[in-house]
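Everything on this sheet refers to the single structure shown next.
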Amino acid sequence: MKKTTGMDRAITRKWKPATRAVRGGTWRSEHGETSEALFLTSGYTYDDAQTVADRFAGDAAGMTYSRLQNPTVAMLEERIALMEGAEACRAQASGMAAMTAALLCQLSVGDHVVSARAAFGSCRWLVDNLLPRFGIETSVIDSADNDQWEAAIRPNTKVFFFETPANPTLDVVDLEFVCGLARSRGITTVVDNAFATSALQRPMEFGADIVAYSATKLMDGQGRVLAGAICGSEEWINEVLLPFQRNTGPNISPFNAWVVLKGLETLSLRAHKQSENAVALGMAIESRVPRMLHPGLASHPRHELALKQMDATGPIFAFDVESRERAFAVLDALQLIDISNNIGDARSLMCHPASTTHAGMEAEARAEMGVSEGLLRINVGLEDIEDLTEDLDQALKAAGL
Ligand SMILES: *Cc1c(COP(=O)(O)O)cnc(C)c1O
């Protein structure tokens with residue numbers, strides 16, 4: 001394997017974001033391929049016994065086993081780190097593998113976690129169900145209220161865990177305030193940045209320690225594979241995450257890593273265009289729906305903050321049509337936009353969170369976090385905005401709106 005400039009940090013760290021997205025992490029083999037190679041291999045062979053002994057001892061660089069290293073996965077990790085502005089990244093099998101690893105690798109019995117109330121259903125399950133089973137205390141707060149973050153801190157608080165914008169209520173967390181508060185108290189922030197990605201928001205610029213991803217969403221961007229990632233300092237990744245990851249094995253398949261690697265090349269273009277479409281579609285229907293949750297619109301309580309910490313507000317928004325029956329009527333009348341609980345796709349997709357992504361939660365906790373029976377969430381894709389507006393318009397009409 002010949003290293004090219006895509007892996008040479010002295011060079012890649014000087015590149016602008018668009019160059020990093022297309023060239024960063026490219027690690028060419030002796031064939032000089034233009035597109036990154038897909039190394040579907042679980043193991044490696046060695047010319048002699050001493051070589052492998054040296055690698056296992058950490059005295060020589062080189063691959064030993066794909067739970068520990070894989071060239072295609074390494075290319076993805078390097079590109080994600082470059083785009084995030086992070087020192088290091090490790091790819092994971094899925095977004096939930098990433099969240100689980102990012103939390104469990106650093107928490108022990110007796111620790112305390114403060115977490116945002118508005119969160120993806122499985123993220124809440126980790127906080128509400130998994131962590132307490134291992135003697136880790138958790139507090140769930142209204143993440144849009146800065147005072148609640150401070151009030152929730154205990155002497156044993158180890159981690160702040162939140163999404164911004166949050167799934168599916170689009171709550172926006174004040175990154176500078178919350179990350180700054182955590183820093184000043186020696187607390188590690190774990191930010192789930194799936195709704196924005198580094199193309200739209202880089203939490204580390206506001207002091208975040210760890211940025212974790214579902215790369216299934218905007219990073220792949222075409223609804224093909226499950227993937228995840230964790231970014232952090234070189235020290236944290238090597239000393240805190242890697243011992244956990246190497247021994248528990250939440251690894252991404254090289255094939256999935258390769259698909260996401262290709263997705264990253266167009267991430268910024270897609271994320272910006274989809275954000276633009278989402279603002280246009282939100283504006284077109286805002287006056288017709290009882291409640292609109294869209295950080296890109298002036299009606300969002302943290303619109304100004306969203307514009308301050310994001311380059312664009314993302315492809316996802318939500319709105320409330322007041323009852324499950326009416327929400328289902330809107331979904332059933334759609335002709336172009338698909339009924340689907342995925343997000344980040346280039347296709348427009350819509351779902352009813354209370355009966356899908358958040359169905360596993362207690363009804364009371366769901367209502368408390370704003371996932372009402374009439375809430376609909378939409379991922380706005382790359383289709384023509386006129387076609388999208390026309391479809392949503394006729395679906396709302398069919399539901400009596
Ligand atoms: C989808 C999602 C996850 C989980 O990701 P998977 O890749 O489906 O495991 C976590 N957090 C947020 C905010 C998500 O939208």
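For the single chain, residues carry numbers from 1 onward in sequence order. We count ligands from 1, going down the list as the structure has it; atoms in each ligand are counted the same way.
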#### Entry: Salt bridge flag under 4.0 Å for residues Glu234 and Arg9
yes
### Query
Of the protein's non-hydrogen atoms, which lies at the shortest distance from atom 9 (O) of ligand 1, and what is that distance?
Met96 N, 2.8 Å
### Summary
Atoms of ligand 1 under 4.0 Å from any heavy atom of Ser214, numbered from 1 in the order shown, are 1 (C), 2 (C), 3 (C), 4 (C), 5 (O), 6 (P), 7 (O)
### Task
Look at atom 6 (P) of ligand 1 and say which protein heavy atom is nearest, naming residue and atom and giving the distance to 0.1 Å.
Gly95 N, 3.3 Å
### Query
Could you go step by step and tell me if Asp393 and Arg288 meet the salt bridge (charged side-chain N to carboxylate O under 4.0 Å, His left out) rule?
CA-CA 9 Å; Asp393 171 60; Arg288 291 171 54 191; 2.5 Å; yes
### Query
Just which atoms of ligand 1 are under 4.0 Å from any heavy atom in Glu163?
13 (C)
### Task
Can you sort out which atoms of ligand 1 are near Asn167, meaning under 4.0 Å from one of its heavy atoms?
14 (C), 15 (O)
### Task
Only one of Arg20, Arg270, Arg23, Arg79 passes salt bridge (Lys or Arg N to Asp or Glu O under 4.0 Å) with Glu265; say which it is.
Arg79
## Note on the structure
closest protein heavy atom to atom 4 (C) of ligand 1 is Phe120 CE2, 3.4 Å
### Task
Identify the protein heavy atom lying closest to atom 7 (O) of ligand 1, giving its residue, its atom name and the separation to 0.1 Å.
Thr216 OG1, 2.6 Å
### Query
Against heavy atoms of Phe195, which atoms of ligand 1 measure under 4.0 Å?
15 (O)
### Query
Any salt bridge between Asp311 and Arg202, counting N to O under 4.0 Å?
yes
### Query
Salt bridge check: are Lys262 and Glu36 linked by an N-O gap of less than 4.0 Å?
yes
### Query
What atoms of ligand 1 come within less than 4.0 Å of a heavy atom belonging to Ile343?
15 (O)
#### Entry: Residue pair Trp149, Phe177: steps toward the ring-ring contact (aromatic ring centres under 6.0 Å, His included) verdict
CA-CA 10 Å; Trp149 286 101; Phe177 174 84; 8.8 Å; no
#### Entry: Nearest protein heavy atom with distance in Å, relative to atom 15 (O) of ligand 1
Lys217 NZ, 2.8 Å
### Message
What's the separation between atom OG1 in Thr12 and atom CE in Met83, rounded to the nearest 0.5 Å?
### Response
13.0 Å
#### Entry: From CZ (Phe244) to CD (Gln106), nearest 0.5 Å
11.0 Å
### Query
Which protein heavy atom lies closest to atom 11 (N) of ligand 1, and at what distance to 0.1 Å?
Asp192 OD2, 2.6 Å
